[in-house]
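Scroll down for the structure; my scribbles are underneath it.
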Amino acid sequence: MGKSKYSFYCFFVLARFLLHVAHAAAFNISNIPFSKGFSPLFGDANVIPSADDRSVRLQLNQYTGSGFKSSDLYSHGFFSAKIKLPSDYTAGIVVAFYTTNGDLFPKSHDELDFEFLGNIRGKTWRFQTNMYGNGSTSRGREERYYLWFDPSQDFHRYSILWTTKNIIFYIDDVPIREIVRKEAMGADFPSKPMSLYATIWDASDWATSGGKYRANYKYAPFVAEFTDLVLHGCATDLLQEAVATDCTDTDHNRFDGADFANMTPKQKVAMRKFRGKYIYYSYCYDTIRYPVPPPECNVDQVEKKRFKDTGRLKFDEKHHHRRFKNSGQVMGVRKYENQEDM
């Protein structure tokens with residue numbers, strides 16, 4: 001390796017290290033060992049903690065997928081992990097990082113999601129965030145975006161902040177979406193205690209291009225890696241929820257005043273840039289599903305002109321893909337059941 005190339009390599013390694021430190025410091029958070037905060041959900045043999053208990057691998061093979069969940073329920077909090085998605089051919093493979101209480105409230109559950117739905121090698125990566133309140137899937141609040149990096153090549157931090165006032169989704173230290181609670185939302189704003197989940201599973205029938213591309217187990221096992229796990233919240237005993245208010249009130253104040261709950265001017269600019277460049281579906285502009293926009297939507301009439309009645313952008317999608325691929329950016333794909341094929 002030449003001297004100039006070696007110097008560049010050293011600079012690159014140092015820059016990556018400093019970026020990692022900056023991301024951790026931005027949130028002022030501490031990680032939790034896997035065995036201290038989580039337990040297997042299903043496919044126990046495919047849930048593989050690291051020797052130091054700081055990371056965990058979720059595998060999917062031809063027999064089963066796998067998942068884990070937090071040992072406790074939380075009444076609001078900050079939930080985070082660095083995730084590296086499966087590489088190579090991953091069509092039909094779903095990886096999700098989310099909070100929910102669906103096992104306790106099957107007809108009125110709350111949920112906050114990061115969802116990644118497979119990729120064909122060389123194709124574009126996409127992902128989705130979603131919010132459910134009070135269990136109605138017809139009131140899902142999904143948005144879909146392009147990623148500005150390949151999530152299978154390195155770890156990136158995905159975070160969900162949930163307070164009494166707002167919800168913020170982060171990638172690394174970039175806020176990509178904020179939902180501000182409004183009284184008109186009622187129970188559509190998640191309010192019941194939730195656990196944190198992570199899963200990998202085969203959704204070949206619908207996940208990638210409407211089921212056109214299925215999981216190919218020649219590439220198994222499919223592995224999603226999770227590290228630097230964060231459970232920063234008030235653990236709640238659901239049976240004592242009505243009387244266990246001291247901890248909840250303390251945490252509400254702490255979350256509302258924490259660094260990660262208050263976007264800096266720089267982060268607000270970064271979020272505007274992200275949403276202007278990478279969002280390609282918004283439920284707020286989907287007038288077919290929502291003739292009247294949900295109350296939390298702040299409809300910008302100028303921005304609305306960019307979207308069709310379906311909530312999708314009006315531009316030529318193939319041209320958009322080509323433009324980003326020429327810039328060396330790789331992105332991902334998500335298909336949702338009541339939307340057109342992706």
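Everything numeric here is computed off the predicted structure, so don't read it as measured data.
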Donor-acceptor side-chain pairing of [X] and [Y] below 3.5 angstrom:
X	Y	result
Tyr219	Ser87	no
Glu115	Gln128	yes
Lys182	Asn298	yes
His156	Asp172	yes
Asp202	Tyr217	yes
Tyr285	Glu303	yes

Which pairs of donor and acceptor atoms, one on a side chain in residues 89-96, lie under 3.5 Å apart (sequence neighbours left out)?
| from | atom 1 | to | atom 2 | distance (Å) |
| --- | --- | --- | --- | --- |
| Tyr89 | OH | Arg214 | O | 3.2 |
| Thr90 | OG1 | Asn119 | N | 3.0 |
| Thr90 | OG1 | Asn119 | O | 3.2 |

Results of salt bridge (charged side-chain N to carboxylate O under 4.0 Å, His left out) for Asp88 - residues two or more places apart only: Arg121
Side chain to side chain contact (heavy atoms under 4.5 Å, CB included) partners for Asp52, two or more places apart: Ser50, Arg54
Sequence-distant partners of Asp72, side chain to side chain contact (heavy atoms under 4.5 Å, CB included), two or more places apart: Tyr74, Ala235
Any heavy-atom pair between the side chains of [Y] and [X] that's under 4.5 Å?
X	Y	value
Tyr132	Asp113	yes
Leu313	Lys308	no
Cys284	Pro293	no
Ser55	Arg57	no
Leu85	Phe127	no

Between [X] (side chain) and [Y] (backbone), is there a donor-acceptor pair under 3.5 Å?
X	Y	value
Thr264	Gln267	yes
Asp110	Lys192	yes
Ser80	Val230	no
Ser66	Gln59	yes
Arg181	Ile167	no
Ser70	Leu196	yes
Asn101	Leu104	no
Trp162	Thr99	no
Gln153	Asp150	no
Asn130	Arg141	yes

Given the rule that I, L, V, M, F, W and Y join up when any side-chain heavy atoms are under 4.5 Å apart, are [X] and [Y] in one cluster?
X	Y	value
Tyr145	Ile83	yes
Val292	Phe307	no
Leu60	Val223	no
Ile48	Leu58	no

Heavy-atom pair with the smallest gap, counting every atom of Lys305 and Lys314: O-NZ, 3.0 Å
For the student: nearest non-hydrogen atoms of Met131 and Asp188, plus distance: CE-O, 3.4 Å
Mutual orientation of the aromatic rings belonging to Tyr158 and Phe114 [parallel < 30°, tilted 30-60°, perpendicular > 60°]: perpendicular
Greater than 12 external heavy atoms within 6.0 Å of Glu183's CD: no
Glu142 with Arg289: basic N within carboxylate O range, under 4.0 Å: yes
Side-chain hydrophobic cluster, 4.5 Å single linkage: members besides Tyr63: none
Shared-cluster residues of Tyr197, by chain and number - hydrophobic side chains joined below 4.5 Å: Leu41, Phe42, Tyr98
Phe68 ring center near Phe38 ring center (under 6.0 Å): yes
From OH (Tyr280) to CD (Glu143), nearest 0.5 Å: 11.5 Å
